[in-house]
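Just so you know, residue 1 is the first one in the sequence shown, and it goes up from there. Keep in mind the model is a prediction, meaning the values are calculated, not measured.
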Amino acid sequence: MKKIFYSLFALAVSALALQSCEDVPAPYDIPGSGDKPTVIEPAGNGTETDPYNIAGIIKATENLNSGETLPEKVYFTGVVTSVKECSPSYGNATFYLGDDIESTKTFYVYQCLGLGNKNIVSEDEVQVGDTITIYGSITNYNGTIETAKKDAYIYKSSRNGSSEPVGEGEPKGSGTLEDPYNSVAANKVAAALSSTEQSGVVYVKGKVVSIKEQYSTQFGNASYYISDDGTSAGQFYVFRSMYLGNKKYSSGDLLKEGDEVIVCGKLMNYMGNTPETVQNESYLYSLNGKTEGGGTSDAGTPKGSGTQADPFNVAGIIKYTSALDADEQSSGNVYFKGIVSNAKEISTTHKNATFYISEDGSANNEFYVFRAKGLNGADITSSDDVRKGDEVVICGKVVNYKGNTPETVQNEAYIVSIKHNSEPGGGSDGGEDVPPTGDNLLGNGGFETWNGDLPANWKTTSTAGNATLSKSTDAHGGSYSVSIGYTASANKRMGYKETELEAGTYVFTFYAKATNSGKCQTRAGYVPVKDGSVGSYIYGDYVDISKTEWKQVTYEFELKEKSTVCLVIMNPKSSGYHESQNILVDDAKLIKK
């Protein structure tokens, strides 16, 4: 209509100016006679009854920084100017909206769901010219303002009608095994994290909405959505989660829509805009009430009063701390007890200890003891002061960190009593030394001597060694090799104990092997250690390894002066060149040239 108006206006002007030359056509290009750009003013307030127009949503989001998301979901309306993808396979659509079909200023709608917050089911569900209202989260993804991935849906469409707004539901639960988060609470907790943060270990309960990646023996994990009622309202994304018992799937029941599950693990806000579980850092705790052994899950019973005479058990201290407000500390000291399930960092440098405790020493329902002092408040002086399997009683203040991680207040707790699972060097701490023999400067390079669940000599007092190690009978030489655990989102390292080496050139070799048929790599290196703290890691090249044969890895390096170092073997995080998996290592040697 605007084009017709401007054209008639131009003809009228021409007729008045050229009455004596009616049969002469007007020049092709008269200044001011063409279409004038239409300026659309921002309108709307982002509510259901008054959604933003496209100029309005652009203005409302123009100051978002990279990685930042609007604090509230909004409604906005526009006309589809182009469709990038409308995929029933993935259940979502990506397209641009303008204030009219010829708009040059458009807004990017990325992977939004269809009407009713349900999957897109047809390739023609979104077409150019459709007038569409969107409801969802808006984020700045690496400089591009767009809807947050799978956190927006079509509320109304001129082609397909409208839907009732889908409520997000009410956040419930405290994240413990006895009181797990629902999907809405899990989304809220994860969304409050920065793109580089992870939560502590929590529990989330819900019904399976849809399955993106089913459990299989190839990767052993699964990706799926859960919610309170099995619909897409308030759904939470469980990403590449392990099977029952925190193991890779090898056999057992597969997931079905409507299954009731409890998931245990860490949460993250991927890229600052997608709440989900951390890849391979969560697992299926129960499936329709059944745990790994086929029994019914037991939420555990909080016990104790928090006094010295009647300390809380682990379930009790979790419940007590979870009842505090976000970042609120207990008013005084409380007592609690448990078994060390993971000695995360026993630091002689900082003179404190960080570890997890649980009822039975497993990774189930853990409480985080953060930078606690040693026995009766003394400094931590040895890496053997706290070990996995130790029975401990703790006294101190606790805090509900960020409202989602119950833990002790840094340096405000100490060990009241400790019963070691074994004597130093004789149990699971891996502390017993094995001297080098011949020209090999490494002792126990063949991994034949084990102290409990760790190979002798292959435990560092610094943070150089951060991988979980286990014994394997698939050996290159002798009876055993070592299996180095992995995390898909982070590099893991096995470190040889801190060793003083003279200046000179050294050759570090070992044999390595993958444990499944996926692409696999490893890397050799070392890190200087000074006063218990590591410096910069120095590595050789990535080396491809396979499941079918042992491959020798060789790394040559030079030390300019006498140095204390940790030799390290990396199990890299997943990338385009590598699929994270356990790797086997055997027959390690260090020779000075």
Side chain of [X], backbone of [Y]: donor and acceptor closer than 3.5 Å?
X      : Y      : result
Glu359 : Val314 : yes
Ser157 : Ile132 : no
Asn182 : Gly206 : no
Ser580 : Pro572 : yes
Asp229 : Thr231 : yes
Thr487 : Ala490 : no
Ser158 : Asp130 : no
Asn140 : Leu64  : yes
Ser282 : Gly265 : no
Asn466 : Lys492 : no

Donor on one side chain, acceptor on other, [X] and [Y], under 3.5 Å:
X      : Y      : value
Ser223 : Glu213 : yes
Ser472 : Asp474 : no
Thr463 : Glu345 : no
Glu48  : Tyr135 : no

Atom pair [atom1]/[atom2] of [X] and [Y] - distance to nearest 0.5 Å:
X      : Y      : atom1 : atom2 : value
Thr321 : Glu328 : OG1   : CD    : 10.5 Å
Ile211 : Asp259 : CD1   : CG    : 7.0 Å
Thr144 : Phe107 : OG1   : CZ    : 10.5 Å
Ser546 : Lys519 : OG    : NZ    : 14.0 Å
Glu197 : Asn269 : CD    : CG    : 9.5 Å
Glu85  : Glu123 : CD    : CD    : 9.5 Å

If every non-hydrogen atom of [X] is compared with every non-hydrogen atom of [Y], which pair is closest and at what distance?
X      : Y      : result
Ile318 : Glu366 : CD1-O, 3.6 Å
Ile226 : Lys205 : CD1-C, 4.3 Å
Ala148 : Thr139 : CA-CG2, 3.9 Å
Thr77  : Pro51  : OG1-CG, 3.5 Å
Ser330 : Leu324 : N-CD1, 3.9 Å
Met494 : Ile484 : CB-CD1, 3.7 Å

Derivation of the side-chain contact (heavy atoms from CB on, under 4.5 Å) call for Phe219 and Arg240: CA-CA 9 Å; Phe219 298 109; Arg240 294 187 180 174; over 6 Å; no
Do [X] and [Y] make a side-chain contact, defined as non-hydrogen atoms from C-beta onward lying under 4.5 Å apart?
X      : Y      : answer
Ile394 : Ile415 : yes
Cys264 : Val201 : yes
Pro406 : Ile317 : no
Leu584 : Ser483 : yes
Lys266 : Thr405 : no
Thr277 : Val204 : no
Cys86  : Ile120 : yes
Phe76  : Thr61  : no

One pair to check against side-chain contact (heavy atoms from CB on, under 4.5 Å): Asn582 and Lys248. What are the steps and the verdict? CA-CA 11 Å; Asn582 285 4; Lys248 283 190 173 185; over 6 Å; no
Applying side chain to side chain donor-acceptor pair (under 3.5 Å), run through Ser174 and Asp179 and close with a yes or a no. CA-CA 6 Å; Ser174 59; Asp179 185 29; 3.0 Å; yes
Take Asn516 and Glu579, measure what side-chain contact (heavy atoms from CB on, under 4.5 Å) needs, and give me the verdict at the end. CA-CA 10 Å; Asn516 68 46; Glu579 173 196 316; 3.6 Å; yes
Go through Lys247 and Met242 one step at a time and tell me if the side-chain contact (heavy atoms from CB on, under 4.5 Å) criterion holds. CA-CA 6 Å; Lys247 298 177 181 178; Met242 305 297 280; 5.9 Å; no
Scan Thr69, Thr147, Thr274, Asp151 and name whichever one has a side-chain hydrogen bond (donor to acceptor under 3.5 Å, both in side chains) with Ser137. Asp151
Name the orientation class of the two ring planes belonging to Tyr215 and Tyr249 (parallel below 30°, tilted from 30 to 60°, perpendicular beyond 60°). parallel
Anything under 30° is parallel, anything over 60° is perpendicular, the rest tilted; go ahead and classify Tyr203 against Tyr285. perpendicular
Tested for side chain to side chain contact (heavy atoms under 4.5 Å, CB included) against Ile145, the lone hit among Leu70, Ile138, Ile57 is Ile138
When Val184, Leu113, Asn187, Asp228 are each screened for side chain to side chain contact (heavy atoms under 4.5 Å, CB included) with Gln235, the one that passes is Leu113
Reference residue Phe336; test ring pair (Phe, Tyr, Trp, His ring centres under 6.0 Å); the match among Phe367, Tyr368, Phe312: Phe367
Counting the benzene-type ring for Trp, do Tyr96 and Tyr108 have ring centres under 6.0 Å apart? yes
Kindly check if the number of other-residue, nucleotide or ligand heavy atoms within 6.0 Å of OH (Tyr243) is above 12? yes
Count the heavy atoms of every other residue, nucleotide or ligand shown that sit under 6.0 Å from OH of Tyr401, and state whether that count exceeds 12. no
